[in-house]
Structures are given as structure tokens and as C-alpha cells.
Novice: 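Next up is a structure, given as C-alpha cells.
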Amino acid sequence: VFPSSSERTIMPLSLIPLPVSVEERPGNFLLEKTTRLVAHGDGAAEAARLLAKYLRPATGYSLPVVVGAAPAAGDIVLNENGHDKADALGFVDESHSLTVTSSRVELSAANVTGLKRAIQTLRQLFPPAIFAEKKQSGVEWRLPAVKVSDRPAFRWRGLHFDVARHFFPVADVERFIELAARHKFNVFHWHLTDDQGWRVEIRKYPRLTAVGSVRPCTCVGHLSESPRRYDDAPYGGFYTQSDVKRVVAFAAERGVTVVPEIDMPGHCQAAIAAYPELGNVPGANPGVRPHWGISQNILSPEPDTLKFMENVLGEVIRLFPSRCIHIGGDEALKYEWDNSVAAQRRLAAIGGRNMDDLQAWFIGKIAAFLRAKGRVAIGWDEIVSGGLPAGAAVMNWHEASPNSPMGRALAAGHLVINATAAHAYFDYYQADPGHEPLAIGGYLPCEKVYAFRPAPEWLKPAQKSLILGGQGQVWTEYVPDLARAEYMAYPRACALAERLWSPEGASTFRGFVDRLATHRERLNAAGVHAHPLP
Ligand code: TNX
């Protein structure tokens, strides 16, 4: 099988994700230590400073950023020719163009975000050593002459990172975001709380981190082993509010929005360990959960508990400018509610038929709180059963069909982010488990990620626009450190990036793999611990 003719022309540049249009031309541009970055517009100046920062380590050049100067031969020019007009969820037009001739480089976009995407393409046009973190000698920093015109297929291009099951220091989180930004992901979904650890400082409730961020020990090996094994070391870690601000600023500098997740009413065992009155069993403290799997602990459906979570979210929305706030809603077992007189009473009081209705009531109250603050609640697709709150968006993780929760959410006119496990769970094995480090299970080779269609073909035309985009998940039960996180995420995240950014059908998997050969040199230069397949 030969690549199609369009693939043959773009293959030498090996851009990932593949742009909408790439026209190669004769000639090249040489970056020198005197090359000026000339910015037109405030956003362009910001983008130029980011570009200078990106080019400094490998080249050793401190390129001057010049604002508003008339462009001359040898310049890299950044033009911002519009405004940062955001839609209701905060997304902006990211379309841009990038032109390289032997005498000039020109990046143009309506706003700073588009320019930041163009910068990521520009970096990939240099020799792969541009991604090295130390100064490289003997490399000529040449760009091939080319005209690239580009825009994303989807607005929401997310990567999720679970820092609850394992904790990752700020520097790791920043590196995770930086690698995502290189692939034009624009959302970082930060899964901050779970049964095994509460990882974000909340000033009003210090025990959430003082108690809830530390588990007494951690299970060793696979959860399914019998008997279950444990280590004997307490495990913990959390982000102070100033850490959070640093991460949000780091992401914003790269045009990435951080969407925090505070999971409720399930996945709250760590919170209940810190404040047992949030639970359903008076006098009982479950402790922070030392092993994986789904906890039976669930928040009580009481006004005081709702008020507590609203106070938590009140601090969260001051830390995170994101329009969207994720409130979890997944895997909330109803065992404790079924066995609680208070929960039964609450169910009767709201006139509900079953505990799904009670969960919907709980989520509805929280979503209304966020709405009143001008934010949009996002929940995993379990929030569909029992009825969706007005304006809430759904993050799909189950198999999707017209009758699945995602199908029903779309039929009711709700926005959806498709994060389906079958195509986008990077905690699954990507090769023969017999030769891989221990993982949760499943099997998701890169080719299956590449076959992902965030907007499935069964959608009605009017529903297509309700699909905001898609997202890859890095759950970390079996991901103890950043090297493993990179191994699980790359190159599968490269494949996902292309599904979310590039026009459907613009390349085959074979074309992607051909480009990946050069792209691997970029990953290697940056020291990314990528998986060797495909
Ligand atoms: C299900 S997906 C979960 C997570 C686990 C993951 C492991 C979802 C909303 N909940 O709590 O980490 O499976 O694959």
C-alpha cells in the first residue's frame, strides 16, 4: 500500500496533528541568534514571548521580541488580526496560517490562541533537536519553505490526568501540560479528588488535605489479586492554592484551559475520612482508601453536605478561570443510601422513585450553584440517568449509541465531550500484557485510538454540533510516576490529537505511522518515555 499523493507531499514534514493544508515550496529559512520576533498586537507580543522561550534551550539564542516594528528581511512576524471573542464555554477561533519563505516567517491568527497553535506547528518544522532541553551544537536551525493553513476539527481537545490515585508534583503536571500543548490539546482535565486522596487545598476545610491527602498504605500488584497485598508506607501529596495558580498560569501561557474535577457524590471516601459527617453512617470513619476499585462510601444527601461542597466549589472557581467545572458523578454506589433512614427520608421529600433520582437531585443542586456563579457543570455520563440539570454538559466514557446515556443527552440537546473508554483510556494495555508493565487491563492499541470518531456516524445532523470534542484519560491506579504516565499516554495521545484536530479522512493510520517516525525523534529529543509501538 502506497501513501496517497497528498500524504506523500506532507510526509517529509511529518506534522502531528496533520494540518488542514500544507503547501511545500522551494527554499528554506535560517534562524540565527539575531533573528527578531516582530509582534503586531498585544496577543502577538504574548505569543512571541512564548516562542522565544520555546526556542531558547536548544538553540541557546535569546531572540529579541520587538513590538510593532515594520517587518524586515530575516524576521519572524506574528500578526494578531482580530479579537479573542469566546463562545459560551470560553472557546475561541483557533484558525491560523503560517508562511515560511527564505526571507521571512509569518504567523497570522485572529487571536493569541490561534498564534499559539501556529507556534506548535512552527516548532515541528525545525529539526527535531529543537525539542531538546539543553543547547545543541552543530545544528542548523532551518525551516523548510511552506504555507500552512489550519484550524481544529473540534473545540474541546482534552487530556485528563488523575493525580488522586498517584500524586504528581507541580513540575510533572507542567510537563504533562507542555507535552499536551505540543499536540494542540487545549484542555487539561485535572482529576483532583478521589477515594484514595484529596489533592487540592481548600482553606475553609483544612482537614481535606491534612487528613484526606494521605492514605495509610497502598495495595501492591493488581487489585484482583487474592489475597490483596499492601505496602507499609503512608502515601500522600497535595497542591497548595499557590501551586494551583502556578499550574493554571503555566497552562494559560500555552493556550490550555485547566478544567478541575471535584468528584461527587461517589469517589469521596477521602473527603469523608477527613469530615465523617459528610457520610451516611454516624460515628464511622472509613479512612482514606488504600486500594483501587469502587468505594461504597458516598456523600450524604443532606443540605449541610451540599453546603460543604458548594463552599469547596466556591474556592475552586476562584482558582480556576475555566467556564467548565467537572463535578464527577460517576460510579456512585447507592448501597449506603439504600441503608440509610435519612437518605430514604430525603428521597421521599423530593418525591423521587429511586436513588438515581436522589443522585440527580444532588447533582442538580450543585449544577444550579455553579450556574448561578456563571459556570457550566460537566459530569461523567452517569449524570444522565435520573435526568440532567439544565445546561449541564456530559462527558461520555461508556460505549455510545442512540440509546446510551450520551445518545440520550444529545437527544435532550446537551453538550457532550466524548471520552469513551474503548478509544481513549490510556490506562489500558497498548500491547501484549505479557510484555508490558502492570496496567489496569483492557486493550487499546494506538490504531484503535486513531480509529476514534468523537462524533459517531449515527448522530443526527443537528446533534453533530453538540459534540464539543473528545478527550484521552490517564487514570493512575497503575501509573506510579511521570515516566509511566508518558509511556501510557504517548504515542496514543499523538493519535488522539490527530482525531481531534485534523479533518476526518485527511490521513490513514499508515500515513500517521509514517509521520510518527520523525515525530518520535521530537519526543526522544524531549526525553519523552514513549511506548515503542506502533
Ligand atoms: C472508571 S471513568 C473510573 C475511574 C477509574 C477508571 C479506570 C470514570 C468516570 N471512573 O475512577 O480510574 O475507570 O479505568
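Counting starts at 1 for both ligands and their atoms, in listed order.
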Novice: Specify the protein heavy atom at minimum distance from atom 12 (O) of ligand 1: its residue, its atom name, and the distance to 0.1 Å.
Specialist: E477 OE2, 2.6 Å
Novice: Does R165 have a heavy atom less than 4.0 Å from any atom of ligand 1?
Specialist: yes
Novice: With a cut-off of 4.0 Å, which atoms of ligand 1 are near a heavy atom of I440?
Specialist: 7 (C), 14 (O)
Novice: Has ligand 1 got any nitrogen or oxygen that is less than 3.5 angstrom from a nitrogen or oxygen of D194?
Specialist: no
Novice: Any salt bridge linking E457 with R453? Criterion: basic side-chain nitrogen under 4.0 Å from a carboxylate oxygen.
Specialist: no
Novice: My understanding is that only one of I202, T193, I327, I366 makes a side-chain contact (heavy atoms from CB on, under 4.5 Å) with I262; could you say which?
Specialist: T193
Novice: Using a 4.0 Å cutoff against the non-hydrogen atoms of H267, which atoms of ligand 1 qualify?
Specialist: 11 (O)
Novice: Which of the atoms of ligand 1 are close to D330, meaning less than 4.0 Å from one of its heavy atoms?
Specialist: 8 (C), 9 (C), 10 (N)
Novice: Could you report the tightest heavy-atom contact between F452 and R499, atom names first, then the distance?
Specialist: O-CD, 2.8 Å
Novice: Tell me whether R515 is salt-bridged to E498, with the criterion being a basic N under 4.0 Å from an acidic carboxylate O.
Specialist: yes
Novice: Is the shortest side-chain N to carboxylate O distance from D338 to K334 below 4.0 Å?
Specialist: no
Novice: With M406, which of V384, I417, V394, N418 fulfils side-chain contact (heavy atoms from CB on, under 4.5 Å)?
Specialist: N418
Novice: Among H166, H160, H326, whose ring-ring contact (aromatic ring centres under 6.0 Å, His included) with H191 holds?
Specialist: H160
Novice: Which residue owns the protein heavy atom closest to atom 3 (C) of ligand 1, what's the atom, and how far is it?
Specialist: E331 OE1, 3.3 Å
Novice: Around atom 7 (C) of ligand 1, find the nearest protein heavy atom and jot down its residue, atom name and distance.
Specialist: D427 OD2, 3.2 Å
Novice: Could you name the option among Y478, W380, Y425, Y428 that has the heavy atom nearest to atom 2 (S) of ligand 1?
Specialist: Y425
